[in-house]
Each structure stands twice: as structure tokens, then as C-alpha cells.
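Report on the structure given below.
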Number of protein chains: 2
Amino acid sequence: MLGTIRRVGQLLDLFDEHHPEWGVTEVARALQVSKSSAHALLRSLATIGLLEQLPNSRYRLGWRTLALGSVLLTSSGIAGIARPAIDNLAKTSGETVNLAVLERGHVIFIERQPGAGGRFASAVPIGTPLPFHCSAVGKVLLAHRPPAEAQALLRTAAGFDRFTRNTITDKQRFQAELEQVRRQGYAFNLMEAFDNVCCVAAPVKNSLGLVVAAIGLSMPTHRFERHRDYYISALLAATRRVSAELGWEAETGGVA
Amino acid sequence: MLGTIRRVGQLLDLFDEHHPEWGVTEVARALQVSKSSAHALLRSLATIGLLEQLPNSRYRLGWRTLALGSVLLTSSGIAGIARPAIDNLAKTSGETVNLAVLERGHVIFIERQPGAGGRFASAVPIGTPLPFHCSAVGKVLLAHRPPAEAQALLRTAAGFDRFTRNTITDKQRFQAELEQVRRQGYAFNLMEAFDNVCCVAAPVKNSLGLVVAAIGLSMPTHRFERHRDYYISALLAATRRVSAELGWEAETGGVA
DNA sequence: CATCCATGTTCGCTAATAACGAACGAGCCG
DNA sequence: CGGCTCGTTCGTTATTAGCGAACATGGATG
């Protein structure tokens, strides 16, 4: 592990929606390095385009971060492979479909197809890290990590913040739910993040049987309650299709 | 400039749509460093999430790049400030509106509002680097760079590739066009990138009068020819509005 | 308008460390 | 089964990243 790059990681972690601009002194304090080191770090990252220096000589993320994300999306196997199935699922179900992966302990959506109504479209931006305890895709992704890693993630989780009356804030109960998710092969989100929004999610597996992503289907509660079984089967059909294209052969794999 | 970070920049440049996966040896050759150095670099970047190691132990961009781009979009001044004006322009004109910036010599779109028809929507992905010589926004952005920088960009330009019969491939003629763009305050793209697609673009200025972005309006040729003047005035109204919100005061500034 | 404080930036020195090359182990193809 | 290529590890050495002090700048304050 190169020290400079470890620092780059810490530095990039500083930038978020609530604090998108940082000065040299500020960064030096946050990373506990000297001002000159912080300066060298910031300036270098600005030179390669990962950061940008503002007229007031402070720094924020550079446009190159966008470009990198774009390259990933257009070249990543999963995004391209899953798109047809996702589009199809959105069209047949009429609901919003999300494709999500785990990124350093957080759920991020990497692709979305809004439903017929076009609601939820901008609910949560693509790429934004989300806590995993209040989303169906989060449950699915966490449920299929190695137990040791899942435990570590649960331990280091920033805390089970409550968003609605239904948010699961008890780790014990959450773990029990993960167990259920593993058994039944899909997860629910029953108004645990937003009032009146329910989701179903199921895992996408690659040729080794590893869960590399999750597809989620979001809708208003009343439609969920009415057509629950239909949504589940349509979703599972989609994840089966994507998994198959990734080389996963359902017949050979057991429930493990 | 920290050497390690300069290398990170070179390394990230390697990853593109045509070559999204790289192995250690390959990288070592490309960057002209030892295999062990390349390995340390790749592994470190994978640890902080900028890269990801695939099961076959090769590397590709990591999901964190998406997360970074998302933070930038949701926190950057320009994107949020310009959104209302862009949405409005798209609604009133019915055509596709793009917001673009210059990123290390390339044009990238950072935001888009598809027109009524919903065509062009996926023509060029958000964040993907584009050559500047065949887009209206590219002309605008380049025309307002300091002459020295613009010259350097023209020199290092990968070449004026031809995409349509109308693509400008002559640097002399392109420079003349930049001069005209500066004079009239907007730029055209007359089927220079795609057949049957025309664009108008105009600059967005901040409080110092610097051009920080460009707004472009894209449409089929026949509608462009019919309503050219309307599009121009609607576009200029939008850029004036956004520039004003960035603190630019048109009255005080000359043509300079 | 003058002063002061905080911040961004530069520079030389030194200790930390990143780069190298060789060696090891795994995987693939012939 | 043998040869090749690739990813990974390790110890040494030269590079360089980090530090602290000094300088420059700009905005706030009195």
C-alpha cells in the first residue's frame, strides 16, 4: 500500500455533498499532515484533474471524476449486460428499476430505468453512497457477502439511522432478516426508507456464483400490496436472465 | 507535483471504453515502470476503491469513480444553479439541452435535459470526453480560453477527425470560426458531428467574467433552419440567466 | 485606511519510502 | 508434462515525499 495513495483515499473521502470544498489548512488538519504536504497533495490531484482549484484557491472535485465514472459505466460488463433486462422489467412492470452494487460498505445505484409514471426517478442519484440497512438491494448485497465481511460492515456501519416508522434500527433484527433473504432469494423494503415506497430486490450472480449486483424494483405501497407476487416473479425472471448472461448456471448451484 | 500522483493520472488515462481492463505487466509497459511498481500502484488504487480487481486478477475502474462523480454533480455550484434554466430551455424550446465544460482539453457534458421527442438523449453519455472541434459547445469553450492555452490545445489535439461531410478538419478555418464565435457570442454546429443534427451553444460566465461552462441546444437540421433565430435568443436568455446567478454582470463587462 | 490574522505557497533538509530486480508461485497452452 | 506468461513477494538502495520555517496574499477588523 503506497502511502501517498492511501492519503488520496482519505482525502477523497473528505469531499461530500455537505462539504464539497476544502482548503489546504483544513485538509492538513483533517488528514493530520503538514500544510505543505496537504498542499502538494491537493495541487497534484488538481493537475491530474481529479480535483479542481477554484478562483478562491480552494479545492473541489474535478470534472475528471465524472469522466471516469462514465468510462466505467460504458465499459463495465454488468451495466451493459443488465440494461436490456432492466429496461424490459421496467416496461413490463411499469415500475422503477435500479441496479445496485456494494462499494466499500455502501450501496450505490449504478443504473436506473424509471417506471411508467416517472416518479422516483430522481429520488436517489446514481452513484451516491447509501446506507444498506434501509433498502432492499442493500439487504440482498449484504446477505450474500462472506459472513466475516458482513459482520465487519455491520460493526463499522455509521449506525442504523431511522428514516421512517418502519426502518430497521436493531442489528439483531437486521441479521435475522438477512438470513431470511438468503433463504427466500429476495428481499423487501417495506417503507423503511421513504413513506409509502416499497421495494423488492434480488441478487445477480456471476459464473462463480458470487453476487456481483442486485436489481431492485420500487413502487408505491398500494401497488406493491396488490401485485406483490407478480413483482417478485418478474424480478426473479430478470435477475435469472442477467445472471445467466454472466455465466451463472442455476442448475449446478445449490442453495449453499 | 508528487510522482506517485502523476503516475496515477497516467494510469487512469489508460482506462477507456476500448481498453477497460489492464493487467500488471501491461501497465508496467505502458507507464515504463517496473512490474513491482505497477503492481503496488494498482493494488493501492484498488484498496481505496478507485480501481477494482477482477476475479482474473486484472484491474478495471472501481465503483468509487461513480460515487465521486455523483458527489461532484450534486454539490457543484454550476450544475445545480444551471438546472432550472436548462429545464426551462428544454421545455420552451422542446429540444435537447446540454451543459458542458472543458476537462483537460476535452469537452464533457455534465448535465442534460432531453427535448420533447426524447431523441438525442443517449447520443453522447454524460461525462464522456469528446473532441472539441465538432461541437458547438466545444467551440464556445475553446474560444474563451486564454490564447496561449487555446493554442496549446489545438496543437496537442489528437487530430481533427472527420465525422461527417461538414466536420471542420482545417485548423486555420477552425481558428477563424473561434474568432467569429467570440464576436457574435454563440457558436453553431452545422451537422459537423452527426448528419442531420445542428446545435447552437453559448457561454456561461461567472462573476469574474470567466467562461466556466457552455449551454448547447441540439436539434434536427430542419427545425434548426426554420427557427434559428428563436433558438438563439432562447439560448442566450438561458445563458444570461445562469451567468447572472453566478454573479456575472453583463452591463459592466465589455466585449474584451 | 492601517493592521492583523488566517490562508495559500515556496524552499531546503532529512528521514521515510517508493522503485527496482530477482525470485517465487500459479495458471494456461501446447 | 514442460514451458511460458503473468501476478505477487521481498530486500536493498536511491529517490522523494514530508516537515517546518519563511514568504506572499487577501479579507476582516478596528
Five-pair end axes of the helix from C:dC1-D:dG30 to C:dG30-D:dC1 and the angle they enclose, rounded to 10°: 50°
note: B:I5, atom CD1; C:dT17, atom P; distance rounded to Å ~ 15 Å
According to side-chain hydrogen bond (donor to acceptor under 3.5 Å, both in side chains), does anything in residues 77-88 of chain B pair up with another residue at least two apart or in another chain? List the pairs. B:R83-B:E111
Just by modelled atom types, is the B:K205 backbone N or O under 3.5 Å from a matching donor or acceptor in the B:S243 side chain? yes
Counterpart residues, side-chain contact (heavy atoms from CB on, under 4.5 Å), relative to B:S57 (two or more places apart): B:Q53
With the criterion being N/O to N/O and under 3.5 Å, what pairs connect the protein with nucleotides 14-17 of chain D, and how long is each?
from	atom 1	to	atom 2	distance (Å)
D:dA17	OP1	B:G3	N	3.4
D:dA17	OP2	B:G3	N	3.2

Under 3.5 Å donor-acceptor, A:H133 side chain and A:G138 backbone: no
If only side-chain N and O atoms count, and only distance matters, is there a donor-acceptor pair under 3.5 Å linking A:T47 with A:S44? no
Members of residues 21-37 of chain B that approach DNA chain D, where some heavy atom sits under 4.0 Å away: B:G23, B:V24, B:T25, B:K35, B:S36
Are side-chain heavy atoms of A:L130 and A:F109 found at a separation under 4.5 Å? yes
Residue list, side-chain contact (heavy atoms from CB on, under 4.5 Å) with A:A40, at least two apart or on another chain: B:L2
Quick one: B:L42 CG to D:dT9 P, roughly how many Å, whole number? 13 Å
With salt bridge (charged side-chain N to carboxylate O under 4.0 Å, His left out) as the rule and sequence neighbours excluded, what pairs involving residues 129-144 of chain A come up? A:K139-A:E177, A:K139-A:E192
Contact between A:V107 and A:L142 at the side-chain level, heavy atoms closer than 4.5 Å - yes or no? no
Just how far, in rounded Å, is C1' of C:dA26 from NE2 of B:H39? 13 Å
For A:H106, check side-chain contact (heavy atoms from CB on, under 4.5 Å) against everything at least two apart and list the hits. A:P129
Can you pull out the residues from residues 44-61 of chain A that lie within a 4.0 Å heavy-atom distance of DNA chain C? A:Q53, A:S57, A:Y59
Considering just the side-chain nitrogens and oxygens of A:R43, establish if one lies under 4.0 Å of OP1 or OP2 belonging to C:dG8. no
All side chain to side chain donor-acceptor pair (under 3.5 Å) counterparts of B:R6, not counting sequence neighbours: none
With sequence neighbours left out, what residues match B:D13 under side chain to side chain donor-acceptor pair (under 3.5 Å)? A:R64, B:R104
With sequence neighbours excluded, what pairs up with A:L31 under the side-chain contact (heavy atoms from CB on, under 4.5 Å) test? A:Q10, A:L11, A:L14, A:V27, A:V33, A:L41
